[in-house]
Trainee: 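Sharing a structure here in structure tokens format.
Count residues from 1 along the sequence. Counting starts at 1 for both ligands and their atoms, following the listed order.
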Amino acid sequence: MSDLSRPLLLVLAAVFALLVWRRWAPVSYWYLVVFPRKAVWLRWSWRHVASGCGLTKKRHRWWFTTVPGLVASTGVVRVKRRFQRVAVDTKPWMGLPRPVRHGFRITFHLLDGQIPDDYAKICDRLAHAWRIEAVRVVGSRPGRVTLQGITRDPLAYVAPAVPPTEPRDGWRMEDLLRPVVGVLETGAAWHMDFRLIPHWMNAGATQSGKSNLINALIVGLAPQPVALVGFDLKGGVELSPYLPRLTALATSRSECLNLLADLIAVMGARMLICRRLGVRDIWQLPDGARPIPVVVVVDELAELFLTADKAEKDQVTRTATALLRIAQLGRAFGIHLVLSGQRIGSDLGPGVTALRAQIGGRVCHRVNDPETAVMTLGDLDPDALVAARSIPPELPGVAVITGSDGRWYRARSGYVSTTAAERAANTYADLTPSWAQVAASGLGHELSGNGSPEIAA
Ligand SMILES: Nc1ncnc2c1ncn2[C@@H]1O[C@H](COP(=O)(O)OP(=O)(O)O)[C@@H](O)[C@H]1O
Ligand SMILES: [Mg+2]
């Protein structure tokens with residue numbers, strides 16, 4: 001009896017130790033126990049998986065084969081061996097899997113005729129074949145594609161964003177207009193990159209995390225030398241807490257029209273500066289001479305387009321035209337739009353489809369109906385639509401977004417309460433340029449050849 005119970009006890013103790021390890025140190029457990037096993041299995045099963053996902057190609061090879069031959073005179077079957085050209089399935093070469101926090105990365109050599117998009121299209125198939133949460137294309141170079149396997153949804157918990165507290169001169173110029181607002185599913189930081197994608201659409205049902213993303217943007221942009229401008233037709237309830245850091249806030253329709261007119265005037269002045277100095281956009285001007293970039297945040301776009309009577313209809317048309325002009329020309333002159341709303345589609349009015357076509361950045365939170373997902377993401381991959389429609393309500397802040405590489409990603413904004421965003425707005429209130437400073441910035445350089453003092457703040 002004791003002979004049997006000792007090994008049994010040892011096995012039980014080992015299983016218990018593994019369970020404790022997995023529970024209390026999941027990261028080292030993943031790197032040292034699960035990943036090595038997975039890596040061996042991935043390589044071992046690659047031939048079947050590649051063939052099942054349609055990644056193999058038929059190639060003719062010279063092969064030493066066994067050919068049965070009938071000797072006619074005796075009727076005996078004799079086996080001959082000889083070289084023969086036969087068609088064989090060739091699979092893409094798989095590099096060594098490398099572990100990352102919530103999964104692994106693998107580089108593949110593309111077969112002739114394959115492109116990285118062929119892999120992007122079959123990510124779902126690969127995820128099922130590999131028994132993991134998701135697979136994404138995370139990089140490519142000529143002839144190579146890198147995939148990331150995601151074993152556990154890293155968006156299930158995202159640490160709250162912390163308003164920056166470092167000294168202000170520790171701030172780097174290359175981060176200008178590239179605030180981090182959350183994390184991507186791949187574990188990388190989610191930079192909302194206004195320099196690359198000038199305008200963004202922030203869509204989603206109520207309680208899906210739109211306002212949280214605006215809060216994260218306020219926290220990210222408040223320490224930077226940019227002007228923040230708000231449009232909030234919900235009577236200012238959403239954006240007025242951030243007033244200390246806002247250069248302007250419009251809360252009624254007439255204020256909106258005036259502010260849009262002012263923005264277009266600023267854009268016109270900047271256009272003139274660029275033309276006189278012979279540059280195409282303000283980013284070609286030296287750092288010290290550049291006009292202050294403006295980020296325009298519109299909360300609930302639909303409110304801007306609602307019409308009750310004929311007089312309002314005219315106002316709405318003017319609003320739509322003004323927004324469209326800013327969307328078309330804003331990038332070159334440092335005026336960026338963030339349009340937030342539950343639905344951003346043609347049902348809001350005739351101008352919205354044209355406006356949407358100018359907005360390259362898409363953030364689609366959980367939506368109530370498939371049409372809204374199509375409106376927001378329709379021109380991306382159909383898989384992006386599936387991903388957007390499967391965002392669960394218990395994960396607010398999760399969204400499908402366009403990445404800087406033009407591909408779509410699942411991402412989640414870091415939680416930022418209104419109080420935290422308000423604190424950031426107050427902390428950096430002295431960086432708020434006045435409207436006069438915004439309008440005059442860049443002009444000093446044009447007149448005197450010196451850098452404008454405003455941007456140096
Ligand atoms: N990234 C996030 N992480 C955790 N909780 C979030 C996140 N985004 C939003 N929430 C929570 O979800 C709720 C709704 O978010 P909110 O931004 O107000 O949605 P919306 O503006 O789309 O109606 C808020 O109470 C907030 O606490
Ligand atoms: Mg909201």
Side-chain angles (χ1 to χ4, degrees), residues 102 152-163 179-192 200-222 228 230-243 246 249-251 295-306 337-345 348 359 361-369 371-373 375-377 387-401 403 409-425:
H102 293 295
R152 193 165 66 79
D153 190 355
L155 305 182
Y157 174 75
V158 173
V162 192
V180 175
V181 291
V183 293
L184 301 182
E185 186 180 31
T186 55
W190 171 18
H191 287 269
M192 214 155 152
W200 287 81
M201 199 149 102
N202 172 20
T206 35
Q207 296 293 303
S208 62
K210 299 184 300 296
S211 299
N212 188 79
L213 180 60
I214 291 180
N215 293 354
L217 267 176
I218 301 278
V219 167
L221 290 173
L228 300 173
F231 285 82
D232 181 0
L233 277 189
K234 284 192 210 160
V237 290
E238 295 278 345
L239 297 180
S240 54
Y242 317 135
L243 209 52
L246 296 182
L249 174 66
T251 55
V295 177
V296 180
V297 177
V298 181
D299 200 339
E300 206 42 83
L301 186 74
E303 293 287 336
L304 276 182
F305 286 86
L306 272 185
L337 295 175
V338 180
L339 306 178
S340 214
Q342 302 195 30
R343 280 168 80 84
I344 303 174
L348 291 185
I359 311 286
R362 307 292 168 92
V363 179
C364 182
H365 289 97
R366 179 179 52 80
V367 289
N368 287 330
D369 53 336
E371 294 90 67
T372 310
M375 270 177 214
T376 317
L377 302 168
R389 290 181 56 191
S390 50
I391 297 171
E394 60 273 19
L395 291 182
V398 172
V400 171
I401 65 153
Y409 290 90
R410 279 177 82 239
R412 189 173 193 186
S413 52
Y415 174 65
V416 184
S417 64
T418 307
T419 324
E422 207 177 333
R423 198 165 348 113

Trainee: Looking at T206, which atoms of ligand 1 are within less than 4.0 Å of one of its heavy atoms?
Mentor: 23 (O)
Trainee: Judged by atom type as modelled, is there a donor-acceptor pair below 3.5 Å linking the side chain of H365 to the main-chain atoms of A203?
Mentor: yes
Trainee: Within less than 2.8 Å of the Mg ion (ligand 2), any N, O or S from S211?
Mentor: yes
Trainee: Heavy-atom contacts under 4.0 Å between R412 and ligand 1: side chain, backbone, both, or neither?
Mentor: side chain
Trainee: So, does R412 use its side chain to make a donor-acceptor pair with the main chain of A156 at under 3.5 Å?
Mentor: yes
Trainee: With respect to G209, determine whether any N or O atom, backbone or side chain, lies less than 3.5 Å from an N or O atom of ligand 1.
Mentor: yes
Trainee: Compare every heavy atom of E422 with every heavy atom of Y242, then report the nearest pair and how far apart it is.
Mentor: CE2-N, 3.7 Å
Trainee: Suppose we measure from atom 20 (P) of ligand 1 to each protein heavy atom; which comes out shortest, and what is that distance?
Mentor: Q207 N, 3.5 Å
Trainee: Numbering the atoms of ligand 1 from 1, which are under 4.0 Å from a heavy atom of A205?
Mentor: 22 (O)
Trainee: Who's the nearest protein heavy-atom neighbour of atom 2 (C) of ligand 1, and how far?
Mentor: P396 O, 3.3 Å
Trainee: Could you check atom 27 (O) of ligand 1 against the protein and tell me its nearest heavy-atom contact, residue, atom and distance included?
Mentor: Y415 CE1, 3.2 Å
Trainee: Side chains of V338 and V298: closer than 4.5 Å at any heavy-atom pair?
Mentor: no
Trainee: Only heavy atoms of N212, strictly under 4.0 Å: list the atoms of ligand 1 that pass.
Mentor: 1 (N), 2 (C), 7 (C), 8 (N), 9 (C), 17 (O)
Trainee: Is atom 24 (C) of ligand 1 in close reach of the protein, with a heavy atom under 4.0 Å away?
Mentor: no
Trainee: Under 3.5 Å, is there a donor-acceptor pair between the T251 and D232 side chains?
Mentor: no
Trainee: Between S211 and E238, do the side chains contain a donor N or O and an acceptor N or O under 3.5 Å apart?
Mentor: yes
Trainee: Report yes if some N/O of S208 lies less than 3.5 Å from some N/O of ligand 1; otherwise report no.
Mentor: yes
Trainee: Can you sort out which atoms of ligand 1 are near S211, meaning under 4.0 Å from one of its heavy atoms?
Mentor: 17 (O), 18 (O), 20 (P), 21 (O)
Trainee: Tell me yes or no: between the side chains of R343 and T372, is some donor less than 3.5 Å from an acceptor?
Mentor: yes
Trainee: Out of curiosity, is S417 lining ligand 1, as in a heavy atom under 4.0 Å away?
Mentor: no
Trainee: In Å and rounded to the nearest 0.5 Å, what is the CH2 to CD1 distance from W190 to I401?
Mentor: 5.0 Å
Trainee: R410 versus V398: any side-chain heavy-atom pair under 4.5 Å?
Mentor: yes
Trainee: Under 4.0 Å from a heavy atom of S413: which atoms of ligand 1 are those, numbered in the order shown and with their elements?
Mentor: 1 (N), 2 (C)
